[in-house]
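Below is one structure, written out as structure tokens; comments come after it.
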Amino acid sequence: MKRKGTSVLTALLLCALALLGALNPPRAHASGLPSLVVTGDVVREVVLTGCEGWETVKIEYRGAVYDGVPLLSVLAQAEVCGEQVQILLAAHDGVVAALSLDEITQDCCLFWHPENRWQFTAPDHPPQARVKDLEYVVVIGTGPEVPGVRFIHGLEESTVTYGTLFTADALQRLIKEGEARRGDCSVTAFTKRSLIPLGQFVGGAELPAALAYFADGSQLEVPFDGFLEWRGRSGDYLGPDGRTRRPDLKGLWLDPPELSVTQLLPAALQALETGRVLIVLLDGLGYYELIQVQPPFLGSKQVQRARTVFPSITPVALASLLTGELPPRHGITARGQRELQVPDLFARAAELGKDSVMVEGTTKVVNTSISPVLNADLDGDGTTDGEIFRAAQEELARGADLVFVHFHGYDDVAHSCGPFSPEAAAKLLELDAYVEDLCQGFTGTVFVLADHGQHPAAGDKLGDHGQFSLLDLTIPWLKWEQP
């Protein structure tokens, strides 16, 4: 009986090992050659499955000649991000060599060897650079524009780039995936994972959890005892059990505002039950810009911090404002998308027997349940704000229960001149006067907020938005009763 038990245990272990191999096979191409992945802080991943399609040079290695692909050519196609770039050559057996991009020449090549598989050669480098059986070439870049997982805590921001994430301290864990049974035999399947404790990036944060933002626009409150897992040009979040996975984490906000743009809909509907509602959306106005300028009218009201959605762009954020839902639910996750998948504020107001009007600029941003009142730049001053203001006055005078007014001018000026520029401040003062005038003679609840903020940039645009950053995500929220 003892021998039988031992043999069954051995069989089970062999089955489990076979399953591990099946779960994590080496990436291969139809040619039969395992692939080499160039990834990390690059615009796009490049997968080498052979030398076909590449300009090659002849490599002499141990008396034989091979076709080599210059590493610089591969990196050029991948488009390296950042400055002071390091290149990591990572082998299947765990060997890693780090080289400075500045020291890589055209003689530094990748080539396929029948025994050593993908190999790197660099005649002018020490022999430790000749890494064999390569699995990854990982680019590590520095600089504010390098993508990665971002962290916000108070006014502080930091980024762990995807290349840097490859080098983070990790725990090797066997994660149980499940059990299978056939007759009298059973197998337990595991996956070996390299789990990066999240706590190492949020050291000293005496908080129970953080708000995680993901690439699909979803949000999730996550504990600090969870993990990250490197995925090349992205990072996944895994729960404390090592199994609960949310792909493509974009950032963690350690102390986010309690208010969210998704709370406008329920708050507006509640206010509609007792009176009229005026909602003013100041496109592109961040919380910190409003606080800095302190315009006379809005500055006299109580301003609260609120958070917007990711990506922090107008169609996505406006859809969340109007539906009370995050992007995966309302269906608008990028520019060029307009169709809402859930009822909007105007449809919900109609269910209460209330009539609504939406005053917009030159075009519809999203397709709402009511047709917006569109306004062109009739006076040729380069903005539609004046036309929107006058149209909103007319609609308020008609007595609609819900009036939604969307000013676009601040966003335009902040893009061209910068969000903290004198020009942006002047535009905010102009809009402040418009809002004050709209409130004259109006009785009911007033909401003033923004869809997103902006951060200073360089180049053709001195202000930009759309990324996971404090300035892009933090918006003002004002609510008061107008007697």
Side-chain angles (χ1 to χ4, degrees), residues 264 268 276-286 289-290 293 295-298 313-315 317-319 321-322 335-336 338 344-346 349 355-417 419 421-454 461 463 465 475-476 478 482:
L264 175 66
R276 300 177 70 194
V277 172
L278 169 62
I279 300 173
V280 180
L281 181 63
L282 303 178
D283 200 304
L285 176 63
E289 296 135 76
L290 178 61
V293 175
F297 182 65
L298 294 178
I313 56 177
T314 296
L318 180 58
L321 281 161
L322 292 177
R335 290 185 174 90
R338 291 188 175 185
D344 63 19
L345 173 61
F346 310 120
D355 62 322
S356 307
V357 64
M358 183 180 191
V359 184
E360 259 289 2
T362 56
T363 59
K364 293 192 296 183
V365 179
V366 298
N367 291 332
T368 54
S369 60
I370 60 173
S371 297
V373 177
L374 299 179
N375 293 274
D377 179 16
L378 298 178
D379 56 14
D381 64 350
T383 178
T384 59
D385 286 347
E387 288 79 8
I388 290 172
F389 165 66
R390 289 182 284 275
Q393 281 185 313
E394 294 176 4
E395 297 300 335
L396 285 169
R398 289 193 181 101
D401 297 307
L402 170 62
V403 180
F404 189 104
V405 186
H406 187 178
F407 288 107
H408 294 262
Y410 185 86
D411 187 66
D412 297 334
V413 174
H415 272 303
S416 58
C417 301
S421 64
E423 294 86 350
K427 169 56 74 171
L428 178 53
L429 293 174
E430 175 189 329
L431 293 172
D432 182 68
Y434 283 158
V435 176
E436 183 176 17
D437 285 348
L438 290 177
C439 290
Q440 299 301 315
F442 174 80
T443 300
T445 306
V446 180
F447 294 88
V448 178
L449 68 166
D451 49 352
H452 59 78
Q454 287 199 31
K461 289 183 177 182
H465 58 93
I475 60 165
L478 299 94
Q482 188 71 22

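Quick caveat: nothing in here was measured; it's all calculated off a predicted structure.
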Open item on the list: How close do Q454 and G463 get, counting heavy atoms only, and between which atoms?
Closed with: OE1-C, 3.0 Å
Open item on the list: Applying side chain to side chain contact (heavy atoms under 4.5 Å, CB included) to V359 and E394, what does each step give before you reach the verdict?
Closed with: CA-CA 10 Å; V359 184; E394 294 176 4; over 6 Å; no
Open item on the list: Given 3.5 Å as the limit, does a donor-acceptor pair link the side chain of D283 with the main chain of F407, or not?
Closed with: no
Task: Nearest atoms (heavy-atom pairs only) where P315 meets R335 - done: CG-CA, 4.1 Å
TODO: Indicate the atoms forming the closest heavy-atom contact of A425 with V293, along with that distance.
DONE: CB-CG2, 3.8 Å
TODO: Quickly, which of T445, V446, L438 forms a side chain to side chain contact (heavy atoms under 4.5 Å, CB included) with F442? Name it, please.
DONE: V446
TODO: Would you mind reporting whether R276 and T443 have side-chain heavy atoms less than 4.5 Å apart?
DONE: no
- [ ] Indicate yes or no: at least one non-hydrogen side-chain atom of T362 is less than 4.5 angstrom from one of D377.
- [x] no
TODO: Indicate the atoms forming the closest heavy-atom contact of A268 with V277, along with that distance.
DONE: O-CG2, 3.8 Å
Open item on the list: Checking M358 against L322 for the side chain to side chain contact (heavy atoms under 4.5 Å, CB included) test, could you report, in this order, the C-alpha distance in whole Å, the side-chain angles of both residues, the deciding distance, and whether it holds?
Closed with: CA-CA 11 Å; M358 183 180 191; L322 292 177; 4.2 Å; yes
- [ ] Working to the nearest 0.5 Å, report the span between CG of L318 and CD of E360.
- [x] 6.5 Å
Open item on the list: Just verifying a value: how many Å separate C417 SG and K427 NZ, rounded to the nearest 0.5 Å?
Closed with: 11.0 Å
TODO: Starting at NE2 of H415, measure out to NZ of K461 and round the result to the nearest 0.5 Å.
DONE: 4.5 Å
TODO: Would you check, one step at a time, whether the test side-chain hydrogen bond (donor to acceptor under 3.5 Å, both in side chains) holds for T384 with N375?
DONE: CA-CA 7 Å; T384 59; N375 293 274; over 6 Å; no
Task: Test side chain to side chain contact (heavy atoms under 4.5 Å, CB included) applied to L290 and L478, step by step - done: CA-CA 11 Å; L290 178 61; L478 299 94; 4.0 Å; yes
Open item on the list: On a heavy-atom basis, which atom in A424 and which in Y410 lie closest, and how many Å separate them?
Closed with: O-CE1, 3.2 Å
Open item on the list: Is the shortest side-chain heavy-atom distance between L428 and E289 below 4.5 Å?
Closed with: no
- [ ] Quick one: pull up CG in D451 and CG in D411 and give me the separation to the nearest 0.5 Å.
- [x] 6.5 Å
- [ ] Please examine the side chains of L345 and S356, heavy atoms only from C-beta on, and report whether any two atoms are closer than 4.5 Å.
- [x] no
Open item on the list: Taking the side chain as everything from C-beta on, heavy atoms only, tell me whether V405 gets closer than 4.5 Å to E395.
Closed with: no
Task: V357 to A400 - nearest heavy-atom pair and separation - done: CG1-CB, 4.1 Å
TODO: With rounding to the nearest 0.5 Å, note down the distance linking CD in Q440 to CD in Q393.
DONE: 10.5 Å
Open item on the list: Using the salt bridge (Lys or Arg N to Asp or Glu O under 4.0 Å) definition, which of the options D437, D379, D385 pairs with R390?
Closed with: D379
- [ ] To the nearest 0.5 angstrom, please state how far the CZ atom of F447 sits from the CG atom of L321.
- [x] 11.5 Å
Task: L431 vs L285 side-chain heavy atoms within contact, under 4.5 Å - done: no
- [ ] Output, in order, the C-alpha distance, side-chain angles, deciding distance and verdict of side chain to side chain contact (heavy atoms under 4.5 Å, CB included) for V365 and H408.
- [x] CA-CA 11 Å; V365 179; H408 294 262; 4.2 Å; yes
Open item on the list: Taking the side chain as everything from C-beta on, heavy atoms only, tell me whether Q482 gets closer than 4.5 Å to L278.
Closed with: no
- [ ] Tell me yes or no: between the side chains of T368 and D344, is some donor less than 3.5 Å from an acceptor?
- [x] no
